[in-house]
Amino acid sequence: MFETARFKLTAWYLLIIMVISCAFSLVIYRETAREVERGLRAQQVRIWAQQGFFAPPFANIDADQDLLTEELGQLRLVLFLANLGILVVAGGAGYFLAGKTLTPIETMLEEQKRFVADASHELRTPLTAIKTEIEVAARNKSLDLIGAKKLIKSNLEEVNKMQSLSDYLLQLSRYQSNAFKLPAEEVDLQGVVSRAVDKLEPIAKMRGVVIKLDIAPVRVSGNKDSLVELVGILLDNAIKYSQPKKQIIVAVEPAPGGANVSVQDFGTGIKASDLPHIFDRFYRADSSRGKSLTPGYGLGLSIAKSIVDLHKGKISAQSSPAGSIFKVFLSL
Ligand code: ADP
């Protein structure tokens, strides 16, 4: 499909270039012919005058006309060869440029296809679980009230998973849409961190993880709700990938032109081979996939990155088997 589009685009480039080039050649040819003819006439008058107007006027006219025809033939050949050269060079350059123009579109479409495939795959897992459970229950003639309640509870869990996946997908598409602009204001990062911590403290307590804060009073320009979401995602991961009794340190410090926010954990760490991919959509390190106890879809960090990008900030991760640290730079 893209090869056909590339040829079509090349053809359009070529058509435009060749129309301009041929029009120029025509103008050059006409003007040169007119100039040469005018020069020839002037020369004939000069010769006639030098001969004292005795000879019949324009005696050499036939010879000159032959010369003119020959010169113009030569010019036509040169212009034809030049246009042929332009056709070949413009064809090659047009094909190259068409490729350059279409490559980002092709990449975007491929990404979109992958996104739809990944999302459908993630949605199919809970749907299959629900379907299988209902089918088994429907075939079970001795299904009692307790069994039915168990089935409903299990189905509800799967529905909740699907709901959280669709929430993630909606958030991601909202943040990554080109038309989306975050309403910006002056935001106090202390407030942002405390709102995120308030939300996640109960989960941390449940998992026996301790959150420590080291927050300097810094204000940045941004959107409070999405910054709370950003810190929440990093904190949620830090809790998810930490063993009980481990610490998590959330820090905010001023930096030249802005502020640095960091979330450090002393949990499982991320393998060096996974680190370059963790911000990709649906990417989960094998170690996280394997553990059915670690819920997630591999979308949190892509949402975090989209939020940071919308704030024109920077996000990075460092990790070792002793733990990970995620750093975010936000400008003033
Ligand atoms: P998930 O829902 O799987 O947590 P994310 O996009 O938030 O999705 O993270 C992508 C992957 O990066 C995770 O599956 C996990 O392997 C890894 N990861 C993210 N944060 C941490 C962390 N603090 N410690 C260890 N691994 C992490």
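Indexing begins at 1, ligand by ligand and atom by atom, following the structure's order.
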Mark up the atoms of ligand 1 that fall under 4.0 Å of a heavy atom belonging to [X], in ascending order.
{"X": "Gly296", "result": "2 (O)"}
{"X": "Ile270", "result": "18 (N), 21 (C), 25 (C), 26 (N), 27 (C)"}
{"X": "Leu299", "result": "6 (O), 8 (O)"}
{"X": "Ile278", "result": "10 (C), 12 (O)"}
{"X": "Tyr297", "result": "2 (O)"}
{"X": "Thr268", "result": "25 (C)"}
{"X": "Ala285", "result": "14 (O), 16 (O)"}
{"X": "Phe326", "result": "20 (N), 23 (N)"}

Exercise. Which atom names give the shortest non-hydrogen contact between Asn155 and Ile130, and what distance separates them?
Worked result: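 Nearest pair, atom of Asn155 first, then Ile130: OD1-CA, 3.8 Å.
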
For this session: Might you point out which heavy atoms bring Ser25 and Leu79 nearest each other, and give the distance in Å?
Result: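 Looking at all heavy atoms of both residues, the closest pair is O-CD1, 3.5 Å.
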
Do any nitrogen or oxygen atoms of [X] come within less than 3.5 Å of a nitrogen or oxygen of ligand 1?
{"X": "Tyr241", "value": "yes"}
{"X": "Leu301", "value": "yes"}
{"X": "Asp265", "value": "yes"}

Ligand 1-proximal atoms of [X], by part, heavy-atom distance under 4.0 Å:
{"X": "Ser324", "answer": "side chain"}
{"X": "Phe279", "answer": "neither"}
{"X": "Ile233", "answer": "neither"}

Exercise. Taking C-beta and beyond as the side chain, do Gln243 and Thr268 meet within less than 4.5 Å on heavy atoms?
Worked result: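 Yes, at least one pair of side-chain atoms sits under 4.5 Å.
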
Between [X] and [Y], does at least one N-O distance fall below 4.0 Å, as a salt bridge requires?
{"X": "Arg114", "Y": "Glu111", "result": "no"}
{"X": "Arg34", "Y": "Glu37", "result": "no"}
{"X": "Asp225", "Y": "Arg195", "result": "yes"}

For this session: Report the member of Lys240, Lys271, Arg284 with the shortest heavy-atom distance to atom 3 (O) of ligand 1.
Result: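 Among Lys240, Lys271, Arg284, the closest heavy atom to atom 3 (O) of ligand 1 belongs to Arg284.
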
For this session: Closest by any non-hydrogen atom to atom 1 (P) of ligand 1: pick that one out of Gly269, Gly300, Gly298, Pro295.
Result: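 Going through Gly269, Gly300, Gly298, Pro295 one by one, Gly298 has the nearest heavy atom to atom 1 (P) of ligand 1.
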
Exercise. Residues two or more places apart in sequence or in another chain: which of them pass side chain to side chain donor-acceptor pair (under 3.5 Å) with Glu3?
Worked result: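 Partners of Glu3 by the side chain to side chain donor-acceptor pair (under 3.5 Å) criterion, ordered by chain and then number, come out as Tyr95.
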
Exercise. How are the rings of Tyr168 and Tyr297 set to each other: parallel, tilted or perpendicular (split at 30° and 60°)?
Worked result: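 Because their plane-to-plane angle is over 60°, the rings of Tyr168 and Tyr297 count as perpendicular.
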
Exercise. What residues, two or more places apart in sequence or in another chain, satisfy salt bridge (Lys or Arg N to Asp or Glu O under 4.0 Å) together with Lys246?
Worked result: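 Lys246: no salt bridge (Lys or Arg N to Asp or Glu O under 4.0 Å) contacts found.
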
Exercise. Are more than 12 heavy atoms from other residues, nucleotides or ligands located less than 6.0 Å from atom CD1 of Ile146?
Worked result: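 At most 12 heavy atoms, drawn from other residues, nucleotides or ligands, come within 6.0 Å of this atom.
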
